[in-house]
Number of protein chains: 2
Amino acid sequence: MEIVNSGRYDRSVETQRIDPVNCSVARALAVVGERWSLLIVREALDGARRFGEFRARLGIASNLLAARLDTLVAAGVMRRVPYQEPGDRQRFEYHLAEQGHDLRPTLVALLEWGDKYLADPEGPSVIVRHRPADDDTACEEPVRVVLECAAGHTRLPPEALYRAPGPGARFLGPAEA
Amino acid sequence: MEIVNSGRYDRSVETQRIDPVNCSVARALAVVGERWSLLIVREALDGARRFGEFRARLGIASNLLAARLDTLVAAGVMRRVPYQEPGDRQRFEYHLAEQGHDLRPTLVALLEWGDKYLADPEGPSVIVRHRPADDDTACEEPVRVVLECAAGHTRLPPEALYRAPGPGARFLGPAEA
DNA sequence: CTCCTAGGTTTATTTCTTCAACTCAGCAGC
DNA sequence: GCTGCTGAGTTGAAGAAATAAACCTAGGAG
């Protein structure tokens, strides 16, 4: 029953535990909802790649960091990439895979929420800005996350949404509302 | 060697634990990063209000549900509201506060990510749609989360962002990037 | 030959989850 | 007025996970 890939426990994508509803939010949380996972991804998005870098930035215990990196690699969020400093042996660093980059909106949303309700009295410690690409204007403006529907209505307020069943819907509970 | 800042981070809620960096993401996760919190908020956004409703939908143990609801109420994400069914004693139900509604973008982002990478073979089980308001067109189109900068550039890809220090920035680690 | 360093393991202790059983207050039926 | 039922929780034991700290390992430097 153990799906162990390289270390002790795994239960990453096959959790069976925290997936009481057939919902992608639950499945996403099964992968990145563990205690340090999103913070690791955040640091990776900010450029961290090496074990010690994550460790120093986050203050996480090394065994937990190792376990979380294993989970994230197994889930395809990060890749384990060998490198070799001149005059040193081969080691590994951890790069974000596409899946990891795609967590950016989630993290921006969380950051925004935290800034709004839990900010430091001095203000936010981090601002996400628009990095100008080659042909783009050099805007550097702060970035926010907005909800937009396929018809083009944008900046929808949270109340303007509702959940509708999709093709994979499965109603297992008694009270469906 | 441990960089963990000794005792300066009690000001927010009761975190104490997962706030190694002065960052709103970490603080947000201290509030809603516990194992069931976001799922509870999701159900609340979908209309759940009563203890038993959350319990039936999520399959969570009742003591944990009670504990999480307490945490969410203490953090201001939900409100505990008395109600009384005719011919029954007073009980409490749990309504989302504004803070809770503002988690919607985070949940949509997570849903989108889960749909992209972990979806059911049959497709997503839930689609978030635009609910038409009174004066609005009845669009009902699916909703996505997009990144938009203050200069109006919208649908930014994840790579187009970078983290810049804000007013409350505090650099405690060695490598700042 | 020993020390240093990055990148981890191992181990012991504390804390959190889970599951199951139990409480509590009011109502309904007998 | 006693029994049982229901929704909303508490309590307690057992297992899993988090934490902290010590330990290991492979190569290079002194």
Side-chain angles (χ1 to χ4, degrees), chain A residues 1-4 6-12 14-20 29-30 33-40 48-73 78 80-95 174-175, chain B residues 1-6 14-20 26 29-30 33-37 39-40 48-73 78 80-94 174-175:
Chain A
M1 137 162 33
E2 294 299 19
I3 312 161
V4 182
S6 63
R8 299 148 304 283
Y9 71 97
D10 183 3
R11 85 174 201 73
S12 58
E14 293 268 332
T15 140
Q16 212 78 359
R17 190 87 47 71
I18 194 175
D19 192 7
L29 286 173
E34 287 177 301
R35 214 177 281 277
W36 292 92
S37 305
L38 278 176
L39 292 174
I40 291 170
R49 330 206 110 176
R50 300 199 180 163
F51 194 91
E53 236 176 328
F54 288 107
R55 201 164 132 55
R57 292 189 187 201
L58 293 171
I60 182 177
S62 53
N63 56 348
L64 262 195
L65 176 56
R68 285 293 105 85
L69 287 172
D70 278 356
T71 304
L72 291 171
V73 168
M78 303 189 83
R80 193 162 188 260
V81 178
Y83 75 97
Q84 189 156 23
E85 290 285 316
D88 208 346
R89 75 172 144 144
Q90 187 186 63
R91 298 173 194 279
F92 291 92
E93 52 186 18
Y94 299 87
H95 296 193
Chain B
M1 177 64 178
E2 249 1 303
I3 311 229
V4 177
N5 36 22
S6 38
E14 37 120 32
T15 113
Q16 213 101 351
R17 192 83 45 66
I18 192 175
D19 192 7
L29 286 172
E34 288 177 301
R35 214 180 276 279
W36 292 92
S37 306
L39 292 174
I40 292 170
R49 332 206 107 175
R50 302 202 179 160
F51 194 91
E53 235 175 327
F54 289 106
R55 203 162 132 54
R57 293 189 187 201
L58 294 172
I60 181 177
S62 54
N63 55 349
L64 258 198
L65 176 56
R68 287 297 168 273
L69 287 172
D70 279 357
T71 304
L72 290 171
V73 168
M78 305 189 83
R80 193 161 187 261
V81 179
Y83 75 97
Q84 189 155 23
E85 291 285 316
D88 208 345
R89 78 173 142 139
Q90 187 188 63
R91 297 173 195 279
F92 292 92
E93 52 186 17
Y94 299 87

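The chains referred to below are lettered A, B, ... by the order of the sequence lines, with proteins before strands, and numbering in each begins at 1.
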Interatomic distance where [atom1] belongs to [X] and [atom2] belongs to [N] [whole Å]:
X	N	atom1	atom2	result
A:L65	D:dT19	CG	P	12 Å
B:L69	D:dT10	CG	P	10 Å
A:Q90	C:dG8	CD	C1'	15 Å
A:D70	C:dG7	CG	C1'	12 Å
A:I60	D:dA21	CD1	C1'	15 Å
A:L29	C:dT17	CG	P	14 Å
B:F51	D:dG9	CZ	P	6 Å
A:L58	D:dA20	CG	C1'	17 Å

With sugar-phosphate meaning primed atoms plus P, OP1 and OP2, does [X] contact a base, only sugar-phosphate, or nothing at under 4.0 Å between heavy atoms?
X	result
B:Y94	sugar-phosphate
A:F54	nothing
A:R80	sugar-phosphate

- Message: Which is more 5' along DNA chain C, the nucleotide nearest A:E93 or the one nearest B:A61? Just name the residue.
- Response: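 On the 5' side of the pair lies A:E93.
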Heavy atoms only: give me the nearest [X]-[Y] pair and the separation to one decimal.
X	Y	answer
B:R68	B:S37	CD-OG, 3.5 Å
A:L65	A:F51	CD2-O, 3.4 Å
B:V73	B:R80	CG2-N, 4.3 Å
A:F92	A:Y94	O-CE1, 4.2 Å
A:F54	A:I40	CE2-O, 3.5 Å

- Item | Charged tip of B:R49 within 45° of B:Y83 ring normal and under 6.0 Å |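 Judged by the rule, B:R49 and B:Y83 form no cation-pi pair.
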Between [X] and [N], is there a side-chain N or O to OP1/OP2 distance below 4.0 Å?
X	N	result
B:R68	D:dG9	no
A:W36	D:dT19	yes
B:R89	D:dT6	no
B:R55	C:dT18	no
B:R91	D:dG9	no

- Looking at the side chain of A:N63, which of C:dT17, C:dT11, C:dA21 is the nearest nucleotide?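 Closest nucleotide among those given: C:dT11.
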- Candidate nucleotides C:dG7, D:dG9, C:dT17, ranked by approach to the side chain of A:Y83 - the nearest: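 Minimum distance to the A:Y83 side chain belongs to C:dG7.
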- Set of side chain to side chain contact (heavy atoms under 4.5 Å, CB included) partners for A:D88, sequence neighbours left out: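 Once residues adjacent in sequence are excluded, the partners of A:D88 under the side chain to side chain contact (heavy atoms under 4.5 Å, CB included) criterion are A:E85, A:R91.
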- Message: Going by side chain to side chain contact (heavy atoms under 4.5 Å, CB included), name the residues that satisfy it together with B:Q84, two or more places apart in sequence or in a different chain.
- Response: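 B:Q84: side chain to side chain contact (heavy atoms under 4.5 Å, CB included) contacts with B:Q90.
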- Task: Measure the angle between the two terminal helix axes of the helix from C:dC1-D:dG30 to C:dC30-D:dG1, five base pairs each, and quote it to 10°.
- Result: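 Result, rounded to 10 degrees: 10°.
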